[in-house]
Amino acid sequence: MLEKNQNLQGRYQIIRPLGHGGMGTVYEAKDTKLFGKIVALKEILLDKNLIPQQKEYKAFRRAFEREAKILTQLAHEAFPQVIDYFVEDERQFLVMELIQGKDLGELLKKRRTPFDLEEVLHWANQLLDALDYLHTLNPPTIHRDIKPQNLKQNSRKRIKLLDFGIAKGADLPANITLTNQTFIAATFNYSPIEQVFRVLDPSFKDALKPFYEKQLEGIANQTADARSDIYSFGATLYHLLTKQLPFDSLKRTLEIWAGNPDPLISPQTLISNIPTEISDWILKAMEVNREKRFETVAAMKNALQTAINGDKIREESTRKLKLKKEMELLRLERQALEEARRKFEEE
């Protein structure tokens, strides 16, 4: 843990720690070369015991440095600006724009009810645009760690997506298995099975092998791609709209492989005012089999608009049907009154 007032690179003065997670510790710091600008300084931790071979450790370092450089070049308002990357005393650091306020995970925990549908869909459109930007970079960049805890809303009501699950690059040896306490930071309730599989204990994999050898081989060959972010994005929306953590993908996968129904409850079942079209849209994003998910963020964005339009059409149809019934009831009431008046006059 870095000490208060400790100075790094002759430039960044530590003010206080802001939080600690699987990837390391984030500090509030002062950039003394930028007139005391307040920044977020993120220390990326890696337990060398998990990668004992020097060659593999160097491969990890190269992967980390490459992706850190990619982050410094991002130009989208949804992502905090990455200002600097450096290594000091064999410790790796990212210097980033500091986003104040509580994350959506904290805010959701304090609420008695889920977030409003209209508000969540407003955030969803912003995030879809951000993810489309990421995934269409050359080369594509995958976030790998989308969850409510990595989302903040700034003073302009714009969503910021934080904390990339970086340093899982193409030159990182595929046989390296890291735990949930390392850079992968897989959060089971939001992560697709292809990411969860990489952090499973080898003995657990071996226990499953006699029953699901073919399925396991298929997942072992999968790496994170756009569909992985799409799953995490869908799971995040699920939580924000229902205030219920979705079943993690490992439990869901094993149930499905065993021939049982998917235990994931539809958002609409949990919250009745979520439209069918939106509920189905989220469930498609969260398919265990990634071949069944939206292939791209652009496709998911188009599907959202279709879902919204379908909901509006259904609402309009329901409104017209209700109006028609009310008019028919009014007609019958008038007819009854006219009949009563006629009988009264006859008497």
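Quick caveat, the model's predicted, so the values are computed rather than measured.
Electrostatic pairing of K109 and E106 does not count as a salt bridge here, judged by no charged N lying under 4.0 Å from a carboxylate O. Taking 4.0 Å as the cut-off between side-chain N and carboxylate O, K301 and D132 do not count as a salt-bridged pair. Between R252 and D262, at least one side-chain nitrogen of the basic residue sits less than 4.0 Å from a carboxylate oxygen of the acidic one, meeting the salt-bridge criterion.
With hydrogens and angles ignored, the 3.5 Å screen pairs no side-chain donor or acceptor of W281 with any backbone N or O of Q305. Not a single donor-acceptor pair under 3.5 Å links the side chain of D201 to the backbone N or O of K205. Put simply, the side chain of N150 gets close to the backbone of D145: a donor and an acceptor are under 3.5 Å apart. Side chain of T72 to backbone of V82: no donor-acceptor contact under 3.5 angstrom is found. Proximity of a side-chain donor or acceptor of D116 to a complementary backbone N or O of E119 within less than 3.5 Å is not detected. Without hydrogens or angle criteria, K160 side chain to E77 main chain gives a donor-acceptor distance under 3.5 Å. Looking only at distances, no side-chain donor or acceptor of Y231 sits under 3.5 Å from a matching main-chain atom of A285.
The side-chain tip of K30 does not point at the ring of Y12 from less than 6.0 angstrom away and within 45° of straight on. Judged by a 6.0 Å distance limit and a 45° cone about the ring axis, K69 is not positioned over the six-membered ring of Y85.
Looking at every heavy atom in both residues, T269 comes nearest to S266 through OG1-OG, 2.6 Å. Pairing each heavy atom of V39 with each of V95, the nearest pair is CG2-CG1, 3.8 Å. Taking all atoms of both residues into account, the shortest heavy-atom contact from A226 to I142 is N-CD1, 3.6 Å. Considering all non-hydrogen atoms of both residues, S279 and Q268 come closest at OG-N, 3.2 Å. Minimum interatomic distance between E97 and P80 (heavy atoms only, all atoms of both residues): OE1-CA, 3.3 Å. Listed here is the closest heavy atom pair of S232 and P192: OG-CD, 3.7 Å.
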Might you work through the side chain to side chain contact (heavy atoms under 4.5 Å, CB included) test for I14 and E3, ending with a clear yes or no?
-> CA-CA 7 Å; I14 300 300; E3 300 292 332; over 6 Å; no
Steps toward side chain to side chain contact (heavy atoms under 4.5 Å, CB included) verdict (L151, L162) = CA-CA 6 Å; L151 295 172; L162 317 175; over 6 Å; no
So E277 and I308, side chain to side chain contact (heavy atoms under 4.5 Å, CB included) or not? Walk me through it.
-> CA-CA 7 Å; E277 294 84 355; I308 291 172; over 6 Å; no
Please report the C-alpha distance between F247 and T253 in whole Å, then the side-chain angles of each, then the deciding distance to 0.1 Å, and finally whether the side chain to side chain contact (heavy atoms under 4.5 Å, CB included) criterion is met.
-> CA-CA 10 Å; F247 274 96; T253 298; over 6 Å; no
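Residues F115 and W123 place their aromatic rings such that the two centres sit under 6.0 Å apart.
Using a 4.5 Å cut-off on side-chain heavy atoms (C-beta onward), L128 and F233 make contact. A 4.5 Å side-chain heavy-atom check between I282 and M286 finds at least one atom pair inside the cut-off. With contacts defined as side-chain heavy-atom distances shorter than 4.5 Å, the pair L250/L200 qualifies. In this structure, K152 and L104 have side chains that are not in contact, with every pair of non-hydrogen atoms separated by 4.5 Å or more. Contact check for L8 versus F93: side-chain heavy atoms found under the 4.5 Å cut-off. Between W257 and L216 there is a side-chain heavy-atom pair separated by less than 4.5 Å.
Between D225 and H135, the side chains place no donor N or O within less than 3.5 Å of an acceptor N or O (distance only, hydrogens not considered). At a cut-off of 3.5 Å, with distance as the only test, no side-chain donor of Q92 or E43 sits close to an acceptor on the other residue. Under 3.5 Å, the side chains of H122 and Q126 contain a donor-acceptor pair of N or O atoms. Looking only at atom types and distance, the side chain of N221 has no donor-acceptor partner in the side chain of E217 under 3.5 Å away.
Here CG of L121 is found 6.5 Å from CG of L241. Values are rounded to the nearest 0.5 Å.
L270 meets the side chain to side chain contact (heavy atoms under 4.5 Å, CB included) test with Y238, T242, Q244, I265; sequence neighbours excluded.
The neighbour count for Q9 CD, taken as heavy atoms of other residues, nucleotides or ligands under 6.0 Å away, is above 12. More than 12 heavy atoms of other shown residues, nucleotides or ligands fall within 6.0 angstrom of atom CD in E326. The neighbour count for R111 CZ, taken as heavy atoms of other residues, nucleotides or ligands under 6.0 Å away, is above 12.
Looking at R227, R293, R144 one by one, the single match for salt bridge (charged side-chain N to carboxylate O under 4.0 Å, His left out) with E194 turns out to be R293.
Residue L245 is found in a hydrophobic cluster whose other members, listed by chain and number, are Y190; membership requires side-chain heavy atoms under 4.5 Å apart, directly or through intermediates.
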